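Lettering follows sequence order; numbering is per chain, from 1. As the structure is a computational prediction, the values presented were derived from the model and not from experiment.
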Number of protein chains: 2
Amino acid sequence: MYRKVAADLREAITTGAYGEAGRLPAEGALAEKYGVSRGTVRQALAVLRSDGLVTSRRGTRRVVLGGARVQSFSELLSFTHWAYSMGEEPGGILDSLVRRPADAAECEQLRLEPGAEVYVTVRLRTLSGTPVMVERTIYPPRVGEIVAELPTDVVSHTEVLREHGILFTDADHTIDVVTANAVDARLLGCRRGGPLLRERRRTTDPTGTPVEWSQDRYLPGTVAFSVHNSLATSALSRHARDGD
Amino acid sequence: MYRKVAADLREAITTGAYGEAGRLPAEGALAEKYGVSRGTVRQALAVLRSDGLVTSRRGTRRVVLGGARVQSFSELLSFTHWAYSMGEEPGGILDSLVRRPADAAECEQLRLEPGAEVYVTVRLRTLSGTPVMVERTIYPPRVGEIVAELPTDVVSHTEVLREHGILFTDADHTIDVVTANAVDARLLGCRRGGPLLRERRRTTDPTGTPVEWSQDRYLPGTVAFSVHNSLATSALSRHARDGD
DNA sequence: GAGTGGTCTAGACCACAAC
DNA sequence: TTGTGGTCTAGACCACTCG
């Protein structure tokens with residue numbers, strides 16, 4: 001239904017049917033064309049707008065915006081999906097996996113009782129054999145128990161967890177720069193104290209329960225993160241970094 | 001209006017009226033409470049969902065998500081607004097302002113004819129006197145002409161441009177790590193070759209016309225960028241960095 | 001089975017842009 | 001003045017969750 005309309009319009013836009021900076025047909029016209037109500041068309045257009053593909057303004061037809069490149073949610077959460085989408089071979093070398101009591105920050109992030117145990121994994125992630133990122137993930141018990149049972153050569157934890165009914169639906173990301181510690185330097189082959197692009201991510205399932213708290217450290221020059229936002233939908237924010 | 005409902009619910013949620021991980025009333029109940037239709041309530045809830053405040057799932061009441069902190073769009077685009085929102089005094093020291101022909105990449109980004117001229121500013125931005133960021137902004141002629149006429153002690157270019165009818169409504173951001181060049185090092189007082197957190201940003205007005213292409217380089221430890229996304233609304237993406 | 005959010009409809013009025 | 005998107009309504013049916 002509205003997804004179909006959105007997909008069709010996205011296709012038309014990205015193939016340049018309306019041209020860069022071109023104008024879309026009126027909502028009414030689209031509704032008639034697809035045989036749906038105007039409300040459904042608006043729902044489809046809301047998707048495109050939040051992806052940064054089109055503008056929207058009272059009084060004027062919608063305009064096609066350039067430079068819109070969006071990934072699916074799973075491509076964003078899963079290093080493995082991301083790698084495949086670029087035609088690279090993802091790798092994951094387990095460096096350590098321990099179970100230990102959670103500290104205060106971890107209890108806070110994963111919404112656990114004080115004293116609860118967590119599972120901590122450290123993995124070197126590679127693209128076609130080249131070291132790219134060190135991934136430190138902290139799992140609550142329910143999830144960690146599954147990860148701990150996995151063979152060490154399983155590349156995609158996300159995929160396995162999904163098969164076990166652990167769903168990832170919402171994530172908060174924070175991006176900044178840190179310096180490499182001894183472990184980072186050893187795994188990535190960079191200088192200790194050298195800069196790394198860090199992405200911290202807390203992911204929750206549909207019920208709002210945290211399922212992972214992860215910290216990924218990328219070698220400079222291997223990745224960049226992109227965000228689109230607009231007056232209408234603003235998801236990005238900028239923070240001072242006093243503490244950690 | 002739906003904005004009022006959204007604001008009221010946001011207030012109630014952030015003050016903890018429903019508790020962390022608590023459940024919201026049903027849409028029908030909210031509609032009755034506010035005396036509006038269910039559609040309007042849903043519109044309000046869509047705002048909160050895209051801000052990462054609540055979940056949404058068929059069959060279950062909406063759940064309050066923790067860790068949601070969103071800034072207004074102008075706080076994000078304007079260093080000045082951001083500084084004030086943190087209680088800091090923003091500063092801007094103009095290092096250079098030149099007019100010159102645009103190169104190919106600049107024509108592409110600002111959607112200019114080959115050979116068009118652009119205005120390039122380099123400014124050191126400070127928070128309460130402390131150097132934080134070097135800002136390189138490229139303006140198309142229409143905008144640059146205004147900026148070029150400004151006294152050098154004007155802190156907020158964004159504010160002035162808004163008064164001149166130049167509106168900022170959509171932005172694409174890309175975040176990565178770069179090393180400081182000679183100018184960065186001189187202005188920020190860091191080592192040449194040292195790491196900086198870079199945010200590149202292309203901003204357009206309501207008609208989709210680019211109004212600035214900016215590159216901000218932050219000292220490590222001064223800022224972090226945050227994004228919320230979910231299966232429903234995904235604005236963030238991750239890219240490989242081959243070229244520039 | 002009862003309650004919930006997801007989707008869709010058909011119609012209405014308004015604010016705004018552009019001619 | 002005309003056409004556009006923004007907002008709101010009232011009602012409907014469905015898919016899903018949960019007890």
As a test of reading the structure: which of [options] is closest to the side chain of [X], going by heavy atoms?
X       : options               : value
A:Arg42 : D:dC18, C:dC16, D:dT7 : D:dT7
B:Gln43 : D:dT17, D:dC8, C:dG5  : D:dC8
A:Thr60 : D:dG6, C:dA18, C:dT9  : C:dA18

Looking at [N], I'd like to know if its phosphate oxygens (OP1 or OP2) sit under 4.0 Å from a side-chain N or O belonging to [X].
X       : N     : value
A:Arg61 : D:dT4 : yes
A:Arg62 : D:dG6 : yes
B:Ser37 : D:dT9 : yes
A:Thr40 : C:dT7 : no
A:Arg3  : C:dT7 : yes
B:Arg38 : C:dT4 : no
A:Arg58 : D:dG6 : no

Rounded to the nearest angstrom, tell me the gap between atom [atom1] in [X] and atom [atom2] in [N].
X       : N     : atom1 : atom2 : result
A:Glu32 : D:dT4 : CD    : P     : 12 Å
A:Tyr2  : C:dT9 : OH    : C1'   : 16 Å
A:Tyr34 : C:dT7 : OH    : P     : 18 Å
B:Leu30 : D:dC8 : CG    : P     : 15 Å

Please state whether the rings of A:His157 and A:Tyr139 are parallel, tilted or perpendicular, taking 30° and 60° as the class boundaries.
tilted

Looking at A:Leu77, is its backbone amide N or carbonyl O close enough to the side chain of A:His81 to form a donor-acceptor pair, meaning the two atoms are under 3.5 Å apart?
no

Under 3.5 Å, is there a donor-acceptor pair between the [X] and [Y] side chains?
X        : Y        : result
B:Asp176 : B:Thr174 : no
B:Tyr218 : A:Arg238 : yes
A:Asp51  : A:His228 : no

Taking the nucleotide of DNA chain C with the nearest heavy atom to each, does B:Glu27 or A:Arg57 sit closer to the 5' end?
B:Glu27

